[in-house]
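All values below were derived from every heavy atom in this structure, side-chain atoms included, with hydrogens, water molecules and symmetry-related copies excluded. Indexing begins at 1, ligand by ligand and atom by atom, following the structure's order.
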Amino acid sequence: MCGTVRESAWWVGLVFGAVPLLCFAAWHATDAWYNAAFALKHRNKKSTNGDRRRIPPGHMGIPFLGETLSLLWYFKLARRPDEFIGAKKRAYGGKPGLYRSHLFGSPAIIACSPAANKFVLQSAECFGIRWPVAELVGVTSVVNVEGRSHERLRGFILAAISRPSSLRSIASMVQPNVVAALQAWADKGTIIAATEIRKVTFTNICKMFVSMEPSPLTDKIDQWFHGLLAGFRAFPLDFPGTASHAARKCRRNLDAAFQEELEARKKVGKECDDLMNGFMQMVNEQGEKLSDEEVVDNMVSLVIAGYESTTNAIMWAIYHLAKSPIALSKLREENVAMSKSKGGLSSGSLTITHDDIPKMKYTAKVVEETIRMANIAPMIHRVANRDVEYGGYIIPEGWSVLVWVRSLHTDPEYYQDPLTFNPDRWDEPARPGTFQAFGGGPRICAGNMLARLQLTIILHHLSIGYEWELLNPDAKIDYLPHPRPVDGAAMKIRKLATTINKQMD
Ligand code: HEM
């Protein structure tokens, strides 16, 4: 009896004493540790306003995992991704839009106000690039290198995929493939939009970047990219069975495939009008060409940058239009009128040119609204190269900096009723600094014009020739790694050509 009482008392003590104490210690240990380290390093230094130096407000979560579980809770389980930042704003106030945290294995500062984000993205000398596994993205690729090499590569890429002359030829190059793909979707009748769009986007990429037509090799390349992208976001643990290990294997296969193509071109002196050829011909100030490794790294990184992003953007445009009949009818009206002005639409396959795009005002609004709501890159990663002061706080050297662009696009302060798809909101431009879907500063997305062009082309052909309907309009949304309906936007699609043709006669 006495033993049982003693045992119960022991358990009560454990449950009401030791366990809460341990939880309390675990909850505060990481925060206390980093605060103490910061205080020690900055003990004799003052901020520019003469005050004691401080790190931004926030909480660094539990040991090792930091706030990763909280992030996963909001993004994966609760499916309320904006609450992750919303909770911080409520707890610590909205200004200056900086919070301390511990995410993805590193102490981190989250930036989430237009001004703070702009400051980080523009200050390339203070905030550098740090990829978890640089080899996966390519150590010599544009997304990884800095300074002069970055400027040179970026300059070439912009000329190749952003200049009006380049976009003009890309527009005519990709359209036959888009038109054929839409016809094939309608022939199937029911499709998973995400899967089908992926195929079209990849075929276009192969054509634009390496002049490759669909073949068993491009199918393999596609699978390797799939594996690479999956490992990219996985924990960087490199042993058999892990996604990161598989991604490294995919990366080696991709390197070999692009290297083989490169050598074949050199052997026969073949010159193609594509991105690979451009990289092969590029020279620096000393007249030196890029090494093979640089060419391959840049090819791979451009596909990484442009493949999933464009696929997701197109999927979201189709998804939102299916749920917004008024927007779709305005889009259709503008595009039918455009097609008609170009001489008719008996086959539904007339192409638009890059020069038509400035006239497609409503389509442009649909594109911007889609990109705002899609939040394809919810955050942009940087690392502080030194201690940087902003808004009265110090962003400590070596900490990662997460520019949370998503929080701007879903904030009712900047976009009225932000979760509603409303292309007409773009009658007025966004308030300065509140639209950062493509990043900003010297690393702003080099493919943003190309992404907009591809969206415009597919919206044109879809709206003039097809009608579609989501099979599960209320499907849940996954928010990681990218926002996407769980069913991949399964839909029914059928040709509309005759109806529209009648309207136009
Ligand atoms: C809707 C589609 C797209 C979105 C939302 C998007 C978004 C972004 C974002 C957020 C960044 C990071 C910017 C930064 O670090 O400050 C970026 C960088 C980049 N993107 Fe895109 N992107 C898209 C499509 C494309 C396409 C189609 C391409 C080209 C094939 C492309 C090529 C690049 C490149 C090369 C960079 C690195 C630029 C640099 O470091 O200088 N992107 N993109």
Colleague: What protein heavy atom is closest to atom 6 (C) of ligand 1, reported as residue, atom name and distance in Å?
Modeller: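 Protein heavy atom at minimum distance: F438 CD2, 3.6 Å.
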
Colleague: Would you kindly specify which portion of F209 sits under 4.0 Å from ligand 1, judged on non-hydrogen atoms: side chain, backbone, both or neither?
Modeller: side chain

Colleague: Is E288 atom CD crowded by more than 12 heavy atoms from other residues, nucleotides or ligands, each under 6.0 Å away?
Modeller: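 Atom CD in E288 is packed in, count exceeds 12.
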
Colleague: Distance to 0.1 Å, residue and atom name: give those for the protein heavy atom nearest to atom 27 (C) of ligand 1.
Modeller: T310 OG1, 3.4 Å

Colleague: List the steps, then state whether side-chain hydrogen bond (donor to acceptor under 3.5 Å, both in side chains) holds for D222 with Y307.
Modeller: CA-CA 10 Å; D222 189 10; Y307 185 12; 2.5 Å; yes

Colleague: Less than 6.0 Å separating the ring centroids of F232 and W131?
Modeller: yes

Colleague: Looking only at distance, does H150 have an N or O less than 3.5 Å from an N or O of ligand 1?
Modeller: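 Among all N and O atoms of H150, at least one is under 3.5 Å from an N or O of ligand 1.
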
Colleague: Do me a favour and list the nearest non-hydrogen protein atom to atom 23 (C) of ligand 1 with residue, atom name and distance?
Modeller: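 Here the closest protein heavy atom is S309 OG, 3.5 Å.
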
Colleague: Give me the nearest non-hydrogen protein atom to atom 33 (C) of ligand 1 as residue plus atom name, then the distance to 0.1 Å.
Modeller: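 The closest heavy atom on the protein side is A305 CB, 3.5 Å.
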
Colleague: Compare C445, A451, A377 and give the one whose heavy atom is closest to atom 17 (C) of ligand 1.
Modeller: C445

Colleague: Of the backbone atoms (N, CA, C, O) and the side-chain heavy atoms from C-beta on, which set of L302 has a member under 4.0 Å from an atom of ligand 1: side chain, backbone, both, or neither?
Modeller: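 Contact part for L302 vs ligand 1: both backbone and side chain.
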
Colleague: For ligand 1, indicate whether the residue R382 contacts it via side chain, backbone, both or neither (heavy-atom separation under 4.0 Å).
Modeller: side chain

Colleague: What atoms in ligand 1 come closer than 4.0 Å to a heavy atom of G440?
Modeller: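 Going through ligand 1 atom by atom, the ones under 4.0 Å from G440 are 16 (O).
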
Colleague: Taking atom NZ of K89 as the centre, does the number of heavy atoms from other residues, nucleotides or ligands within less than 6.0 Å exceed 12?
Modeller: yes

Colleague: Between E334 and K361, is there a salt bridge with N-O shorter than 4.0 Å?
Modeller: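 Between E334 and K361 there is no salt bridge, as every charged N stays at least 4.0 Å from the carboxylate O atoms.
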
Colleague: Starting from atom 13 (C) of ligand 1, which protein heavy atom do you reach first, and at what distance in Å?
Modeller: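 Ranking protein heavy atoms by distance from atom 13 (C) of ligand 1, first comes R443 O, 3.1 Å.
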
Colleague: So, do Y362 and W426 have ring centers that fall under 6.0 Å from each other?
Modeller: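 Aromatic pair excluded; centres sit 6.0 Å or further apart.
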
Colleague: Can you tell me if CG on D427 sees more than 12 non-hydrogen neighbours from other groups inside 6.0 Å?
Modeller: yes

Colleague: Under 3.5 Å, side chain of S169 to main-chain N/O of S166, donor-acceptor pair present?
Modeller: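 Here the side-chain-to-backbone pair exists.
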
Colleague: Considering only protein heavy atoms, which is closest to atom 28 (C) of ligand 1, and at what distance to one decimal place?
Modeller: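 It is G447 CA, 3.4 Å.
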
Colleague: Report the part of A437 (side chain from C-beta onward, or backbone N, CA, C, O) that has a heavy atom under 4.0 Å from ligand 1; answer both or neither where that applies.
Modeller: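 The answer is the backbone.
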
Colleague: Ring centres under 6.0 Å, that's the criterion: do F84 and W404 meet it?
Modeller: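 They qualify: ring centres under 6.0 Å apart.
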
Colleague: Using heavy atoms and a 4.0 Å limit, tell me yes or no: is I161 in contact with ligand 1?
Modeller: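 I161: in contact with ligand 1 (<4.0 Å).
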
Colleague: Would you mind checking which non-hydrogen protein atom is closest to atom 36 (C) of ligand 1, with the distance to 0.1 Å?
Modeller: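 Checked against all protein heavy atoms, atom 36 (C) of ligand 1 sits closest to A446 N, 4.0 Å.
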
Colleague: Among all protein non-hydrogen atoms, which one is nearest to atom 37 (C) of ligand 1, and what is the separation to 0.1 Å?
Modeller: V143 CG1, 3.5 Å

Colleague: State whether D297 and R251 are salt-bridged, where the test is any N-O pair (Lys NZ or Arg NE/NH1/NH2 against Asp/Glu carboxylate O) under 4.0 Å.
Modeller: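 Judged by the 4.0 Å cut-off on N to carboxylate O distance, D297 and R251 do form a salt bridge.
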
